[in-house]
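These notes concern the structure reproduced below.
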Amino acid sequence: MVTTPRLVVAAAASSAGKTTVATGLLAALRGRGLRTAGFKIGPDFIDPGYHTLATGRPGRNLDPVLVGEELIPGLFAHGVATPEPADLAVIEGVMGLFDGRLGTDGEASTAHVARLLRAPVLLVVDAAGSSRTAAAAALGLRAFDPRIDVAGVIVNRVASPRHGAELARVFEQAGLPVLGVLPRNAGIAAPSRHLGLVPASERLESRATIDALAAHLADHVDLDAVRELAGLAGELDVPAWDPAAVMSAVAGAPLVGVLAGRAFTFRYAETTELLRAAGCRVVEIDPLADRALPPDLAALYAGGGFPEVHAAELSGNVALRAGLAAAIRDGLPTVAECAGQLYLCEHLDGHPMVGVLPASARMTPRLTLGYRSARSASDTLLTRADEPVTGHEFHRTLTGPAAERPAWRWDDRTDGFSLGLGSGTPSLHSGYLHVHWAGHPGLAQRFAEAAASFHPGSRGGSPGRASAMSGDGIDLHHHGDRELAPGLVDLAVNVLLPEPPGWLASAIARGTRRLGSYPDVAPARAALAARHGVDPSMVLPTNGAAEAFALIARGLAPGRPMVVHPQFTEPEAALRAAGLAVQRWLLPVEAAAEAPVLADLPAWADAVFVGNPTNPTGWLHRRDDLLAARGDRLLVVDEAFLDATDEAETLIAPAMPNRLVVRSLSKTWGLAGLRVGYLVGDPELIARVAAVQPAWSVSSPAAAAMIATSTPDALAEARERYRQVAQRRERFVADLAAAGFPTVPSVAPFVLIDTSACGPASVRPALADAGFAVRRAESFPGLGPTWIRVRVPETWDRFVAALARLRKS
């Protein structure tokens with residue numbers, strides 16, 4: 001038997017102030033020492049969030065369409081008793097008092113639920129722009145259905161005391177008690193969004209708003225009269241809904257994670273109660289704050305919210321995205337509804353997301369809203385083929401392309417994805433459809449059973465797949481010069497010469513004679529253009545390659561940049577410094593393995609950054625392969641070391657639509673301290689990049705070096721020097737292999753060495769003790785501490801011997 005005092009807050013239409021009144025009453029009565037409980041009629045998730053803040057207990061939904069009308073009284077009885085008995089309940093209505101599911105006689109309307117709960121109705125009358133007419137409308141609502149007890153009125157948005165007095169007089173004459181008159185107060189309005197109010201958990205000031213609402217209602221409403229009205233509710237002779245009665249316990253107490261925080265605020269309270277009733281432990285995971293998943297996670301529920309508002313932050317938490325992607329691909333049972341599905345897509349409004357669903361999502365102006373009678377399209381994680389459910393969808397996003405195996409179907413459309421990851425059996429169930437599991441407890445049971453049966457593998461992810469691994473824990477600004485120390489042989493920095501040759505030093509010195517004048521880079525641009533056979537409009541001299549990457553990031557600001565790793569980290573560092581969310585594509589690195597193909601780069605990236613030859617692997621990607629991988633997007637290729645190998649593979653050409661090549665003269669000519677680099681590419685892109693370059697960025701000595709190194713004699717000298725490096729590299733690699741240290745096949749003046757034969761720790765400290773500085777590899781995404789990058793030295797016997805002494809027998 002339920003005797004809890006209760007009332008339903010209703011109105012003639014939406015936006016009359018139901019949430020203001022309901023939330024304010026809950027908070028004000030709680031302030032008087034009452035234990036209040038809040039409910040929302042319909043599928044809305046946002047208002048219950050405000051109720052939760054106002055009452056200190058979960059806000060709950062009462063929706064006869066989603067759970068069936070026979071369950072509404074029992075769910076209410078459960079809600080007022082959990083976690084402790086409430087002294088008074090406030091049930092906030094939906095839309096107008098009699099507005100329900102279309103095509104029915106008001107099913108799931110406020111009036112429908114008020115009848116089911118035998119609760120009196122407190123009518124919120126919006127007085128803005130009317131006086132006596134507002135009273136007439138209220139009286140019409142009271143007379144429309146005699147089964148509904150409209151027992152009192154609160155008049156909202158009154159313009160003046162005189163306006164309020166007039167309305168109170170009219171209602172008094174009609175015999176309808178006025179329990180409060182609320183003047184306009186814009187200072188406590190909750191901001192709205194396309195689906196209603198902004199979720200309370202998204203608003204840092206929400207607690208203050210609740211307090212202000214409580215004070216506003218306490219000042220202008222007769223709270224004693226409200227309590228008396230709530231006491232008019234009839235008794236409900238029903239048992240409370242019990243999640244334990246509809247669930248069977250599973251073994252092992254599996255840990256189920258539910259997405260939460262400001263981006264994921266939509267979840268029916270009964271969802272977690274059902275899982276706990278099955279013996280699951282439930283933990284919240286905030287993708288805006290948490291950096292790692294719980295180590296024993298056995299399942300994931302990703303509910304609704306507004307991830308598009310937080311897309312950049314969600315994308316920026318790349319460590320958690322990586323963990324989620326690896327776990328889900330490992331077969332982690334996962335349910336994603338609406339916003340959760342968006343988060344699992346490859347990208348959302350251009351921002352990289354978790355990437356386990358083969359689709360992308362974007363916001364549109366069109367609102368999709370309504371109840372759906374759906375059936376499962378096949379056996380899925382949650383359902384059996386053709387199993388019926390009733391759900392609700394509301395969103396402004398589109399997700400495409402359509403799935404080969406959808407989660408749901410209704411009318412002439414399908415919805416969502418049902419994927420088998422890990423073992424191949426269905427493990428991922430996503431869709432726009434929100435389903436209230438209290439009305440379909442079999443879904444919760446199957447999810448709990450899947451969690452109990454989950455046995456994770458390595459969770460290491462798959463090489464050659466999009467990875468959300470971030471700069472978190474990786475110093476993207478770490479370069480070889482950081483390894484140097486006095487007395488160490490420098491094998492860490494890839495500058496071929498300790499100083500420029502004499503003829504080049506003389507040319508640079510002549511450039512210093514013009515230091516009294518501002519630099520003119522036009523002659524350098526012309527010389528570089530002639531060197532590559534392109535128009536000068538396709539060339540931009542820069543203050544080293546690092547400036548070139550920074551200019552690209554700032555001047556072009558791609559929305560969905562992808563960096564192919566392992567590679568030189570400065571491109572990613574520049575993109576992140578420009579505030580862009582970067583996705584990584586990790587190529588598998590194995591000793592003795594040639595460069596992987598790039599044909600399977602995902603199509604959603606609008607810009608791809610790749611090194612050629614790649615630093616630190618020394619891989620050479622073929623020109624045709626790079627062009628094939630480019631598609632219709634921006635392609636940026638770092639060719640800092642291409643002059644060390646086959647120039648036929650360069651992407652520099654007289655026409656370079658939508659592509660840029662970054663070049664550096666530092667490595668070949670011993671000019672790291674002078675900062676000498678340049679860009680070659682699409683003249684439109686060059687112009688956009690040049691527009692953000694600081695004035696006089698390239699010095700006169702640097703411009704002189706560009707001119708001097710572009711001559712046929714200089715190019716011939718460079719080719720001969722690199723021919724000798726290639727000969728030494730071949731002998732160096734052979735000696736390393738003989739000592740038990742395989743390398744990655746390289747065409748560059750450096751090699752990547754696998755030192756795992758020495759154990760799992762880095763050999764750098766021991767090599768430094770032996771007198772050698774080498775480049776650590778763990779600061780390259782995709783590599784670990786057992787790899788080191790080493791410049792091809794003039795002589796290497798001592799180094800190989802020092803490394804061999806570290807090898808474990």
Side-chain angles (χ1 to χ4, degrees), residues 479-481 493-515 517-532 534 536 538-552 568 570-571 573-574 611-613 615 636-644 647 650 652 660-681 686 689-690 692-719 721-722 725 748-750 791:
H479 300 301
D481 58 317
V493 177
N494 283 321
V495 176
L496 202 58
L497 302 174
E499 60 183 32
W503 60 266
L504 179 54
S506 298
I508 293 170
R510 289 192 294 273
T512 63
R513 299 171 187 169
R514 297 187 292 276
L515 292 183
S517 302
Y518 288 103
D520 177 11
V521 298
R525 175 176 282 186
L528 292 168
R531 178 249 189 274
H532 290 290
V534 300
M538 298 174 64
V539 178
L540 180 67
T542 62
N543 193 288
E547 188 199 34
F549 293 122
L551 295 177
I552 293 170
F568 184 50
E570 204 58 39
N612 200 40
N615 175 12
V636 179
V637 181
D638 177 8
E639 292 188 358
F641 293 100
L642 196 66
D643 50 2
E647 285 270 8
T650 181
I652 296 176
L660 294 171
V661 166
V662 180
R663 284 286 184 118
S664 169
L665 300 176
S666 302
K667 281 69 176 175
T668 301
W669 299 109
L671 299 175
L674 191 56
R675 312 306 305 134
V676 188
Y678 58 97
L679 273 168
V680 185
I686 292 292
V689 168
V692 298
Q693 186 179 37
W696 310 296
S697 174
V698 177
S699 69
S700 295
M706 294 175 187
I707 296 170
T709 57
S710 296
T711 66
D713 287 345
L715 297 176
E717 181 179 323
R719 284 194 295 271
R721 183 172 291 115
Y722 279 119
V725 170
F750 51 81
R791 178 173 62 87

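Here, residue 1 is the first one in the sequence, and each next residue gets the next number.
In terms of heavy-atom proximity, L674 sits nearest to A705 at CD2-CB, 4.1 Å. Summarising the geometry of A524 relative to I707, their closest heavy-atom pair is CA-CG1, 3.6 Å, with the distance given to 0.1 Å. Scanning both residues, T709 and L665, for their nearest heavy atoms gives OG1-CD1, 3.4 Å. Residue N494 comes nearest to P749 through the heavy atom pair OD1-O, 4.2 Å, listed as atom of the first residue, atom of the second, then distance.
Using a 4.5 Å cut-off on side-chain heavy atoms (C-beta onward), R514 and P701 make no contact. When side chains are defined from C-beta on, L660 counts as touching I686, because their heavy atoms get closer than 4.5 Å.
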In sequence, state the C-alpha distance, the side-chain angles, and the governing distance for L642 and I652, and then conclude on side-chain contact (heavy atoms from CB on, under 4.5 Å).
CA-CA 11 Å; L642 196 66; I652 296 176; over 6 Å; no
Could you go step by step and tell me if V680 and L528 meet the side-chain contact (heavy atoms from CB on, under 4.5 Å) rule?
CA-CA 9 Å; V680 185; L528 292 168; over 6 Å; no
Using the rule given for side-chain contact (heavy atoms from CB on, under 4.5 Å), can you reason through R663 versus T650, listing the C-alpha separation, both sets of side-chain angles and the distance that settles it, and then say yes or no?
CA-CA 11 Å; R663 284 286 184 118; T650 181; 3.5 Å; yes
Would you sort out whether V698 and M706 count as a side-chain contact (heavy atoms from CB on, under 4.5 Å), showing the intermediate values?
CA-CA 10 Å; V698 177; M706 294 175 187; 3.8 Å; yes
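Looking at residues two or more places apart in sequence or on another chain, you find a side chain to side chain contact (heavy atoms under 4.5 Å, CB included) between T668 and D643, A718, Y722. Every residue was checked against the side-chain hydrogen bond (donor to acceptor under 3.5 Å, both in side chains) condition with N612, not counting sequence neighbours, and none meets it. F641 is linked by a ring pair (Phe, Tyr, Trp, His ring centres under 6.0 Å) to F750, counting only residues two or more places apart in sequence or in another chain. For the salt bridge (Lys or Arg N to Asp or Glu O under 4.0 Å) test, residues two or more places apart in sequence or in another chain that qualify with R531 are E647. Taking R513 as the reference, R510 meet the side chain to side chain contact (heavy atoms under 4.5 Å, CB included) condition, with sequence neighbours excluded.
Taking OG of S710 as the reference point, atom OH of Y678 lies at 6.5 Å (rounded to 0.5 Å). Summarising the geometry, atom CD belonging to E570 is positioned 10.5 Å from atom CG belonging to D638; distances are rounded to the nearest 0.5 Å.
Listed for the R525 side chain is a donor-acceptor partner under 3.5 Å among the backbone atoms of V539.
Residue pairs meeting the salt bridge (charged side-chain N to carboxylate O under 4.0 Å, His left out) criterion with at least one partner in residues 701-716, sequence neighbours excluded, are absent. Every pair passing side-chain hydrogen bond (donor to acceptor under 3.5 Å, both in side chains) that includes a residue from residues 694-705 is listed here, sequence neighbours excluded: E547-S697. Screening residues 699-712 for salt bridge (charged side-chain N to carboxylate O under 4.0 Å, His left out) gives no qualifying pairs among residues at least two apart or on separate chains.
Side chain to side chain, T542 and Q693 fail the donor-acceptor criterion of an N or O pair below 3.5 Å.
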Result block: side-chain N/O donor-acceptor pairs under 3.5 angstrom for residues 495-508, not counting sequence neighbours:
unit_1: W503; atom_1: NE1; unit_2: E717; atom_2: OE1; d: 3.0
unit_1: S506; atom_1: OG; unit_2: G502; atom_2: O; d: 3.1

